[in-house]
Novice: 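Pasting in a structure now, in structure tokens, and then I'll have a few things to ask.
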Amino acid sequence: MAANSVAPRAWAEIKLQELSELFSRTPTITLKDANGSYTKRFIEHFKQVELSFWDFDQCPLNVVRQRRQEVAETLVRSGSVPVICQVMCDEIASQEVGEMFNSAVNTIWNNAYSSADFSRAVLTDGRLVPLLLRELEEWLAGATTPVKSYGYPFLQIIESISRHAECKQQLRHLGTVDVLQDFLRTTSKTLKVTAMIILGNIVDGDIPTMPGELVLELLEWVRVGLAHNCKSWEGRFVTELVGGVRQLSKNETNSRSFVKNGVLDHLMDGLRLDIHDLKVALDLSQVEENAQYFMKTEIIDTIADVGRDGTEDLRRTASQLLKDRYCYSCGQMKVAGVRSGSRQSSGLWLNAWAETVIKEYSALFNRTPLIRQRNVTGSYTDGFVNHLEDIEKSFSAFSGQYTSINTVRGGRKILAENLVKSRSIQIICRVTREEIQSQNTSGVLLTCLTILWNYTNTSASVSQVVLADSQLWPPDILRRFTQIIDSLSRHPDCIHVLRKLGAYQCLVPLVNPPSDMGDAAAVTKLCALSALANMANDKEVASLTATLDLVRFLLQKIAQAFTNVQLSDDGWFVTELMGVVRQLSKNDDTSKRFVQEGVLKLLLTGLQSHIDDLKYVCIETALLLCLVEDNTPAFLELGNLLDAIVDVGRNGNEACRRTARSILWQLRGKLLRTPRLHRYANEFPNKEQELPQYGSGSGSGQTKVPVTRTRERHVMLSYQWDDQPVVRKVCEKLREHGFQVWMDLDNMAGSIVQCMAEGVENAFVVIICMSQKYKDSINCRQEASYAHVKKKEIIPLKMQDSLELDGWLGLIVAGKLFYDFSGKEPFEEVIKALISGILRGEPTNVPSTHAGWKQRVLDWSRDRVQTLLVNEGVDEHNAKRFNGTLLCHVYNMYTQNPDRFLSYVGESLRLDSYQASYLADAVRKLPSLCKADTVVTAPDNNQ
């Protein structure tokens with residue numbers, strides 16, 4: 001049927017139906033006759049299968065890709081893949097190159113490139129890929145049969161399969177990395193570059209560094225491909241080559257080398273030829289040394305054109321690429337000028353420039369207390385007004401330069417700290433208070449409010465100083481300046497003060513602002529809702545979202561922000577809006593309402609973006625939502641969301657990868673009980689499997705490092721990072737008393753989620769260090785909840801004086817005795833009580849089979865303990881160091897871990913081998929002594 005006889009879309013659908021019928025016959029046709037030769041019918045059929053890849057070749061490029069993927073997936077559904085693999089294996093075994101061999105090579109190569117499903121089916125077949133790897137090894141060793149001459153096409157088949165993230169783990173397990181290392185030692189640049197691209201696709205962690213000659217070779221392939229009208233080179237699409245550049249650019253040395261040798265010019269040529277891969281440019285832009293290469297006018301103009309005229313996905317990527325480096329003026333993107341009077345940006349290293357800006361503005365801040373503020377009439381002097389305006393400008397000082405978002409944040413934070421040190425912020429607070437009290441609406445008040453809004457959002461130190469001026473915050477001001485209150489509420493240390501000032505009660509009515517506010521109503525509502533979400537406890541969140549109005553309002557704002565190229569609505573970026581969802585989802589009922597109203601689809605959109613901040617807040621929100629049991633069916637039903645989570649777990653930054661894997665671990669049980677979702681459960685190695693880690697070393701450069709973990713029973717410390725100094729002291733004291741202690745500073749080899757799980761599972765007691773930040777932390781909630789589910793003995797420590805125990809944390813620690821490490825009580829007294837509490841724990845949980853007699857030993861006097869030890873041969877000087885508590889500790893170590901016992905008595909108690917043996921004899925007799933109720937009398941000192 002001619003493509004032009006019907007509408008193109010209809011023709012494509014008809015063609016796909018024809019191919020589906022063709023492929024369905026593949027498993028039913030007899031392959032070989034009685035002589036072992038392929039039947040004529042099968043040969044003709046197989047040729048048709050091969051040529052099906054080219055049926056859509058005259059369509060536009062994006063249509064070609066889509067239809068070829070559909071063709072490959074149809075091959076999988078028809079059951080044709082095992083037959084194709086069988087033909088290929090038989091032809092390789094015969095070592096003869098014929099028509100069927102060529103057809104099989106082309107069919108597998110083409111369709112593996114087009115479809116992840118086809119590639120997985122080839123790997124699942126289990127025969128072909130190991131055979132190809134063996135043939136490649138023999139080819140490199142010098143074998144010269146006709147089939148061996150196809151070594152390069154075999155390598156390209158492996159490359160096509162490696163393009164799909166779902167296949168890389170299985171390729172590694174088949175030994176592909178070792179084979180590719182051999183290719184890197186050949187003299188052929190073509191083979192080396194291809195091997196490097198495959199390594200970039202399948203290696204997690206350390207991407208190999210490319211020699212300069214290979215960088216130039218790969219870029220030459222891209223250039224030649226762009227010069228061809230077909231947009232491909234030697235059977236490779238330029239998009240495939242650019243994808244190789246992107247993967248290899250995860251190594252910063254490679255990234256710098258690609259940019260230095262002109263990859264940006266090639267990418268811009270591709271954009272002009274409708275080969276759109278801006279994501280590569282976005283990745284390259286994250287390396288600071290590449291900054292100067294992005295400043296070319298033609299590169300900026302090309303990206304801006306795509307940002308204006310491209311598809312929605314391209315517009316978002318272009319916006320992200322430009323927004324941190326350029327400013328918007330009159331609705332158009334353009335390179336921002338350098339501040340007048342400062343050095344030109346061209347050729348300056350970013351860090352040197354940033355340091356210069358910080359020094360300039362810090363000197364400006366230091367002059368604030370020295371400037372005369374009012375003249376004889378009581379008005380502010382022109383010099384002081386101009387000075388305040390310069391302070392206001394300091395916040396945007398970085399936004400006009402090519403700089404990373406991390407540098408912008410870091411620079412602003414340093415400026416904020418210097419505002420506090422110079423006492424500028426205190427003066428600004430006083431001026432603001434005076435202007436408000438005088439009911440003056442001058443420009444000075446607006447300038448001061450802008451400074452407070454910007455810098456309270458940036459720095460907790462500034463926020464604390466601002467709140468310390470209590471006269472500045474009467475109720476009517478709290479209601480008027482909701483944007484500043486929202487900024488203040490984002491710092492956990494400020495929430496208690498805000499609540500004490502009555503901010504929560506003042507803001508509650510503003511979530512339903514009066515109609516006379518006009519256009520400001522939506523912004524006021526968002527600011528109030530965000531601040532309340534940060535301040536509210538569990539019950540208050542439930543009350544706020546008791547009706548669905550606020551939930552729907554927030555989700556509607558997020559949806560509208562996603563449709564905007566700048567990803568914002570009413571001045572709120574989607575990351576901020578999603579952050580409000582995350583805060584409100586701390587309440588389980590609210591979490592369920594968000595899921596019921598469709599938040600997961602919005603999370604999917606965010607996870608598919610290439611903005612790290614957005615991706616992180618979305619993946620964190622997803623983890624918080626999946627902790628609620630009733631929400632898990634929605635996760636399982638939305639397959640695209642699981643795919644996005646897997647992708648983040650592979651390719652996101654470290655924080656995103658860790659959180660994504662936590663989600664899959666949380667859902668693992670449900671995924672394993674659903675056959676169609678098994679692949680998600682097995683995406684990352686579980687704790688029974690060896691966890692391969694790849695590093696660059698000698699030899700092959702890819703060494704599998706088995707991760708070993710202790711299986712001993714221990715005390716686990718679950719805490720939030722800010723409490724680490726106190727928790728470290730607790731850990732040291734517990735270890736001094738002979739406990740095995742699990743703390744994440746020492747036990748985090750391999751997968752963090754699996755380490756946490758084993759930390760809980762192998763603990764006889766879990767100590768949770770409670771604070772507001774612990775309560776708000778998703779990871780801490782996951783740890784504590786898992787310990788609760790595993791029915792572990794939980795001992796709570798209170799790390800913060802003003803802590804409201806409600807919500808999930810209140811449920812877990814309800815009715816439990818806690819130990820106060822907030823500083824109200826002496827540390828030594830509290831730690832002593834904690835150690836005694838651990839030893840007096842539930843008999844079923846304490847690692848001892850003699851909990852009954854142990855209680856008696858705990859009550860023994862020092863004299864009684866000393867008499868027992870001296871009678872067994874322990875020196876009196878050493879025996880005096882023991883009491884009943886320490887004796888029980890030593891007994892536990894002796895019976896459960898003799899190596900630990902010997903280490904402890906030697907290193908901590910300083911006993912020699914003889915004294916250690918006498919001590920062992922004594923503790924071994926403890927159960928029998930208590931069982932017989934033996935009475936040991938104190939020695940008579942007169943004898």
Side-chain angles (χ1 to χ4, degrees), residues 486 488-496 498-499 503-504 507-508 511 526 528-548 550-555 558 575-597 599-600 602-603 606 616-632 634-635 659 662-663 666 718-722 768-789 796 799-800 802-814:
D486 176 38
L488 291 167
S489 72
R490 300 185 185 194
H491 307 289
D493 295 336
C494 298
I495 290 174
H496 177 68
L498 282 170
R499 292 189 68 99
Y504 188 88
L507 294 180
V508 168
V511 295
L526 282 171
L529 183 57
S530 175
L532 290 170
N534 293 329
M535 290 189 283
N537 59 34
D538 195 66
K539 292 179 181 178
E540 289 167 340
V541 171
S543 175
L544 277 174
T545 59
T547 63
L548 292 175
L550 287 181
V551 171
R552 290 170 177 167
F553 167 77
L554 194 52
L555 296 184
I558 294 173
T575 49
E576 297 175 298
L577 295 169
M578 195 63 77
V580 181
V581 173
R582 178 181 58 188
Q583 289 296 96
L584 291 172
S585 295
K586 293 181 294 187
N587 174 268
D588 289 356
D589 290 334
T590 303
S591 169
K592 288 185 275 190
R593 292 188 186 104
F594 275 121
V595 171
Q596 290 165 4
E597 292 300 314
V599 72
L600 295 186
L602 296 175
L603 289 176
Y616 180 66
V617 71
C618 287
I619 199 70
E620 267 215 329
T621 305
L623 176 56
L624 189 58
L625 295 173
C626 82
L627 292 176
V628 179
E629 184 75 14
D630 291 347
N631 291 339
T632 53
F635 278 83
T659 308
S662 294
I663 294 173
Q666 187 71 29
S718 174
Y719 67 99
Q720 201 274 336
W721 193 257
D722 285 5
I768 63 174
C769 305
M770 305 181 302
S771 65
Q772 185 61 45
K773 291 183 178 179
Y774 184 93
K775 183 179 172 184
D776 293 340
S777 168
I778 302 173
N779 292 327
C780 293
R781 174 176 179 175
Q782 193 175 28
E783 283 183 1
S785 298
Y786 191 55
H788 183 65
V789 168
M799 315 301 289
Q800 177 182 330
S802 55
L803 177 64
E804 190 168 359
L805 296 177
D806 60 359
W808 69 267
L809 184 58
L811 178 67
I812 288 176
V813 302

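Predicted, not measured: the structure shown is a model, and the values here were computed from it.
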Novice: Without hydrogens or angle criteria, can the side chains of T659 and Y616 be said to hold a donor-acceptor pair below 3.5 Å?
Specialist: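 Per modelled atom types, T659 and Y616 side chains form no pair under 3.5 Å.
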
Novice: State, to 0.1 Å, how close Q800 and Q772 come at their nearest heavy-atom pair, and which atoms those are.
Specialist: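 Heavy atoms of Q800 and Q772 come nearest at OE1-N, 2.9 Å.
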
Novice: State, to 0.1 Å, how close C626 and Q666 come at their nearest heavy-atom pair, and which atoms those are.
Specialist: SG-CG, 3.8 Å

Novice: Which residue pairs satisfy the salt bridge (Lys or Arg N to Asp or Glu O under 4.0 Å) criterion with at least one member in residues 576-591, sequence neighbours excluded?
Specialist: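 Listed by first then second residue: R490-E576, R582-E620, K586-D776, D588-R781, D589-K592.
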
Novice: Quick one: are F594 and T545 in side-chain contact, heavy atoms under 4.5 Å?
Specialist: no

Novice: Quick one: pull up CD in E540 and OH in Y504 and give me the separation to the nearest 0.5 Å.
Specialist: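 Result: 4.0 Å between the selected atoms.
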
Novice: Taking atom CG of L555 and atom CG of L602, what is their separation to the nearest 0.5 Å?
Specialist: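 Between atom CG of L555 and atom CG of L602 there are 6.0 Å.
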
Novice: Closest approach of I495 and N534, non-hydrogen atoms and distance?
Specialist: CD1-O, 3.1 Å

Novice: Indicate yes or no: at least one non-hydrogen side-chain atom of L507 is less than 4.5 angstrom from one of M535.
Specialist: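 Result yes, sub-4.5 Å side-chain heavy-atom pair found.
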
Novice: Rounded to the nearest 0.5 Å, how far does CG of L809 lie from CD1 of I768?
Specialist: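 Atom-to-atom, I768:CD1 and L809:CG are 5.5 Å apart.
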
Novice: When rounded to the nearest 0.5 angstrom, what distance separates CG in L529 from CD in Q583?
Specialist: 11.0 Å

Novice: Taking the side chain as C-beta and beyond, is there a heavy-atom pair between L526 and F553 under 4.5 Å?
Specialist: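 They are in contact (side-chain heavy atoms under 4.5 Å apart), so the answer is yes.
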
Novice: Please give me the minimum heavy-atom distance between V541 and A536, naming the atom from each residue.
Specialist: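 Looking at all heavy atoms of both residues, the closest pair is CG2-CB, 3.6 Å.
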
Novice: Looking at S662 and N779, what are the two nearest heavy atoms and their distance?
Specialist: OG-OD1, 4.5 Å

Novice: Looking at CG of D722 and CG of D493, how far apart are the two atoms once the value is rounded to the nearest 0.5 Å?
Specialist: 8.0 Å

Novice: Enter the distance from E783:CD to I778:CD1 here, rounded to the nearest 0.5 Å.
Specialist: 13.0 Å

Novice: L603 and C618: which non-hydrogen atoms are nearest, and at how many Å?
Specialist: CD2-O, 3.6 Å

Novice: Return yes if some donor-acceptor pair links the side-chain N/O of S543 with the main-chain N/O of K539 below 3.5 Å, else return no.
Specialist: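 Such a contact is absent between S543 side chain and K539 backbone.
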
Novice: Would you say that L550 contacts L584 through its side chain, given a criterion of any heavy-atom pair below 4.5 Å between the two side chains?
Specialist: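 No - every pair of side-chain heavy atoms lies 4.5 Å or more apart.
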
Novice: Looking at Q782, is its backbone amide N or carbonyl O close enough to the side chain of S785 to form a donor-acceptor pair, meaning the two atoms are under 3.5 Å apart?
Specialist: no

Novice: Quick one about N631 and S591 (side-chain donor to acceptor, distance below 3.5 Å, no hydrogens or angles considered), yes or no?
Specialist: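 The answer is yes; a qualifying pair exists.
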
Novice: Looking only at the side chains, is there a donor atom on one of S777 and Q720 sitting less than 3.5 Å from an acceptor on the other?
Specialist: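 No - no donor-acceptor pair under 3.5 Å links their side chains.
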
